[in-house]
Amino acid sequence: MAAAQRVSRKIVHKWKKRFIESGPEGLLDQARPGRPSGIDAEIVNHLLTLTTSRIPHESTHWSVSLMAKYAGSCLI
């Protein structure tokens, strides 16, 4: 399993323990230490929708500056 997922055996044991203790919910990402995100889920979803459903007419792919232009005031 570890080789197939390209992770260490230790990680697989951690996943197995979480699954036994909490079922499928135990495999979801858990809160991590550090600074909380400054971008709320609504903005993240808006940006993901932009990048997956549109191609900017100025270019063949998204750049940081084009995303800022198209995202507009949702980041302010």
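Please read these numbers as outputs of a predicted model, since none were measured by experiment. In this chain, residues are counted from 1 in sequence order.
- Side-chain contacts under 4.5 Å among hydrophobic residues (ILVMFWY), followed directly or transitively, place L28 with no other residue at all.
- Here the NE2-NZ distance, from H13 to K17, works out to 12.5 Å after rounding to the nearest 0.5 Å.
- In the hydrophobic cluster analysis, where Ile, Leu, Val, Met, Phe, Trp and Tyr join through side-chain heavy atoms closer than 4.5 angstrom, L48 is grouped together with L66.
- Of the candidates I43, N45, T49, I43 is the only one forming a side-chain contact (heavy atoms from CB on, under 4.5 Å) with L47.
- Residues H61 and I55 fail the side-chain proximity criterion, which asks for heavy atoms closer than 4.5 Å.
- With rounding to the nearest 0.5 Å, the separation of OH in Y70 from NE2 in H46 is 12.0 Å.
- In this structure, the salt bridge (Lys or Arg N to Asp or Glu O under 4.0 Å) partners of E58, at least two apart in sequence or on a different chain, are K69.
- S8 contributes a side-chain N or O that, together with a main-chain N or O of I11, makes up a donor-acceptor pair within less than 3.5 Å.
- Counting heavy atoms from C-beta on, the side chains of V12 and Q5 never come closer than 4.5 Å.
- Using a distance-only test at 3.5 Å, with no hydrogens or angles considered, no donor-acceptor pair links the side chain of S59 to the main chain of P56.
- Side chain of W62 to backbone of R54: a donor-acceptor contact under 3.5 angstrom is found.
- A distance of 8.5 Å separates CG of L27 from CH2 of W15, quoted to the nearest 0.5 Å.
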